[in-house]
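First comes the structure, then the notes that go with it.
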Protein chains: 2
Amino acid sequence: MKQATQTDVAQAAGVSRATVSYVLNERYNSAMPISTKTKEKVLKAVADLGYNPDARARSLRSGKTQTLGLIIPNLHNPHHWEIVEGVMQKAHKLGYEILFSSSDLESKKEENSIKALFRRSVDGIILLPSFIKLYPKLLQQISELQLPVVTIGCRDIGIDCIGSIDTEATNNAIKHLENLGHKKIGFLVTGENQTSGEDRLYPYFQSLTKNKRALISKQIVRVKSTIEDAYRKSLELLKKDNRPTAIITVNDYFAVGVLRAASDLNINIPEDLSIISFDDILLANFTSPRLTTVRLEAKAVGQGAVTILLNRLNNKNLAIQKERIPAKLIIRESTAQVKL
Amino acid sequence: MKQATQTDVAQAAGVSRATVSYVLNERYNSAMPISTKTKEKVLKAVADLGYNPDARARSLRSGKTQTLGLIIPNLHNPHHWEIVEGVMQKAHKLGYEILFSSSDLESKKEENSIKALFRRSVDGIILLPSFIKLYPKLLQQISELQLPVVTIGCRDIGIDCIGSIDTEATNNAIKHLENLGHKKIGFLVTGENQTSGEDRLYPYFQSLTKNKRALISKQIVRVKSTIEDAYRKSLELLKKDNRPTAIITVNDYFAVGVLRAASDLNINIPEDLSIISFDDILLANFTSPRLTTVRLEAKAVGQGAVTILLNRLNNKNLAIQKERIPAKLIIRESTAQVKL
DNA sequence: TTGAAAGCGCTAACAC
DNA sequence: GTGTTAGCGCTTTCAA
C-alpha cells in the first residue's frame, strides 16, 4: 500500500487538507481554533492510515528542516563521541535530527562536508573544527551559506561557540605537576594545524616567556590524531636519556598510547613517570593505572552547543554567544611525586 | 543576499530551468543531449551565483533523498564507531549523507528512531539492532514504512543483512583457549535481550549440549553494555574461589573492564588469567597486555552494509542479501597456557 | 471555525 | 538540442 498523504487523511476525516495541517501542527491553541470534534476526526484518520507527514515537503514549505548538521574531526577519539552523545540527546529531545559527518582530519573534506552536505538540508551546523588554518575559509563559507554555525572550542572569530576554559584547564594540569615537583615535562600535542594542540597549550607557553620558562624544559612532541602515533612518538620521547619525568597529553586517548609505550620500556607509572591528560573520557577510569586528567564535560558541551544553535535559529540578531565550561582536575593514579 | 535558485541560474545563463537541471544532473551523456556551449554557460552561471541545488526540493520531486539512516545501539563501544566509519566513508563516496541516531539501548527509543525520524527523509536504513525481542516489531515497522533496511548482524528474518560469522568466530576463540589447556572458562555477555550476547555465544552453547559440555564449567555473567558494569561483574567473578582460568568477553570494550578488575585483584594476565574477546578495536593493540581477540572487520562491515542497501534501492525485487564476513583470531598478549 | 488555492525549488514527460 | 509545464506534499495566507 502506498504511504498515506495529507490528502488521504483529509478525505478520510472529511475535512480539507488545511485542517489536517492545523491539527497536526497544534495550531488550535493559538491563532487557529479548531473544534474538538474535528480534531478528533483528523487524529483518528491519521492513526487509521498510519499517516506520517513528509519531512521534505514540510521543510520545503516551512523553510525549516528540523535537522542539525554535526561535523567532527575524526571518529576514533572517544571524547568526540561523548560530545556527539550530548548533541544527540539534546537535539532529539527538542525534535531535531542529526545529519552526521566526519571530516577525517582532511581540511578538504571538512570543507565539502559543510558545503555539499548542507544544501539547505539542515537548519544549522555544529562544528568541532580540526584545522586552525581553516578558520578564515570557514567564516567565508558560513556567510555564503547563511547557515547558523556553532563551533565547539572557542576562538575569537565572531561565531557562536562553546568550549572548555582551556587556559584554566591547562593551568590546572601544570600546577598539579609542579606541586608534585616535576620540572621536566613533556608535551604531546596534535599537529601544527590542528585546534586542540594550539588552543590548549599555547596560552601556557605564552605565559612562560614571562616567568617560569627557564624552570621547565619543554619537550614538545607533535603527533597525528591516532593512538598509534601517540604511542610511537612517546616511545621515542621516553627512550631519550634526558627523558621527562612527566608527560602532558592533549587528550586521554593519546595518554593510552603513552601508557602502552611506558609499559614497553618498563617504565612504571606513576613512580617513574607521571601522565596527565585532558577530557576525562569514560575509559580514563579503567586504564592501568587510572588516568589523572582534566575533565572537560563533553556531554554538557554537546548539549550546550545545541542550545546555543537553537537560540540563534530563534533569533538571528542575537549577540555572539560564547559559553565557557569550567574544567576540573580529576586526580587518579597516573601522577605522583617526582623521584629525586 | 538570498541563496540563488534554479531560476536565477537559468536567467543568468539565458536558458530555461529545465536546461539547468539537465546540465547539473549530467543528463547530456545519455538521453538528453546538451550542446557544449550551453553547458558551459550554465556551469559559469552556477559558479558565479554560488548556486547549490536545494536537496529538499530535489528529493521531493525525484523521490530520492540521497540520505541513509544509521542507527546504532550505544555511543560508547568503539567497535560501533568503526562500523560507523565504514558506513560514512562508503556512503559519502557514493554521494549519500548520513542521518544518525543512537537507540541508547532503550527499545522504545529504537522504535521511535525508526518511525518518527525517517518520515521519508531517508532512502533506507542501516540498523545495528540491540534488542532481540524487537525483531518482530521491527519487521512490521519496516514493512509499514516501506523503507529498505539492512541489519548489521544476521538473523533469519528475511531482511538484508551483513555480519561476521559468529559461530566461526566463537569457535576460533574457544579452540584457542582449549589449545592452551583452559577448561574453566568464564563468559561475559550482554543482557538477555541484547543481540551480541546471544548471537555470539549461543550457537556454541548449543553445540555443547551434545559433546564437550561436561568438559567446560561454564560461568556466564550478563553485563549491561557499559565498561563500568563489565568491570564490576568481572570483579565479582574473579573474587570467587573457584574462578575461571580464562574469560571470554563478547567485545573488546568489556575486556578493558576485565583487565582493570584483574589489576585491582593483583591477578596477572595472561599468567594467572587469559582473556579473549571479540571485535579487535584499534584500542585492543594498546592495552596492557595487548588483547587477544577475534577480529570482526568493523569497517568492512560498515562499507558492506552500504553496498547492500544501495543494491536494494536499485532493485526492490532482489532476493534477500546475506553477507557473512569471516572472523580472524588475532593472538596477542592476553592469553597463555593455563597454569597447572 | 473551516476551505481554496498559491507556491516552496526542483525533475521529468512531452512538445517543439 | 532546448523550452514548457505539471506536479512532488506540505504550510499558510486569504476568504468565507
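Residue numbering restarts at 1 for every chain, and letters A, B, ... go by the order of the sequence lines.
- Using a 3.5 Å distance cut-off with no hydrogens or angles, the side chains of A:E82 and B:H76 do not pair a donor with an acceptor.
- Annotation for A:V122 and A:L147: closest pair O-CD2, 3.5 Å, computed over non-hydrogen atoms.
- Look at B:T19 and you'll find a side-chain N or O under 4.0 angstrom from OP1 or OP2 of D:dG3.
- Atom CZ in B:R56 sits roughly 23 Å away from atom P in D:dG7 (whole-Å rounding).
- For the pair B:T5 and C:dC8, the criterion of a side-chain N or O lying under 4.0 Å from OP1 or OP2 is not met.
- Across all strands, A:T38 comes closer than 4.0 Å only to sugar-phosphate atoms, never to a base (heavy-atom distances).
- In this structure, the CG atom of B:L60 is 9 Å from the P atom of D:dC10, given to the nearest Å.
- Among the nucleotides C:dA4, D:dG9, D:dT4, the one closest to the side chain of B:A18 is D:dT4.
- Positionally, the nearest nucleotide of DNA chain D for B:V15 lies more toward the 5' end than for the other of B:R61 and B:V15.
- Among the nucleotides D:dC8, C:dA12, C:dT11, the one closest to the side chain of B:R17 is C:dT11.
- Taking side-chain N and O atoms only, A:S62 has no distance below 4.0 Å to OP1 or OP2 of D:dT12.
- Using a 4.5 Å heavy-atom threshold, the side chains of B:T151 and B:D160 count as separate.
- Side-chain N/O atoms of B:Y51 and base N/O atoms of C:dG9 include no donor-acceptor pair closer than 3.5 Å.
- Without hydrogens or angle criteria, A:R56 side chain to B:S121 main chain gives no donor-acceptor distance under 3.5 Å.
- Between B:L24 atom CG and C:dC10 atom C1' the separation is 11 Å, expressed in whole Å.
- Rounded to an integer number of Å, the gap from CD of B:Q6 to C1' of D:dA6 is 14 Å.
- Nucleotide D:dG9 holds its C1' atom 13 Å from the CG atom of A:N52, rounded to whole Å.
- In this model, the phosphate group of D:dG9 is not approached by any side-chain N or O of A:R58 to a distance below 4.0 Å at OP1 or OP2.
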So B:V306 and B:L68, side-chain contact (heavy atoms from CB on, under 4.5 Å) or not? Walk me through it.
CA-CA 9 Å; B:V306 174; B:L68 267 23; 4.2 Å; yes
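- Considering only side-chain atoms of B:Y22, the nucleotide from C:dA4, D:dT4, C:dA13 that sits closest is C:dA13.
- In this entry the distance linking CD of B:Q66 with C1' of C:dG9 reads 17 Å, nearest Å.
- B:N25 has its CG atom 17 Å from the P atom of C:dG9, to the nearest Å.
- Here the P atom of nucleotide C:dG3 and the NZ atom of A:K41 are 8 Å apart, to the nearest Å.
- In this structure, B:S16 and B:A57 both approach DNA chain D, and ranking their closest nucleotides by distance from the 5' end singles out B:S16.
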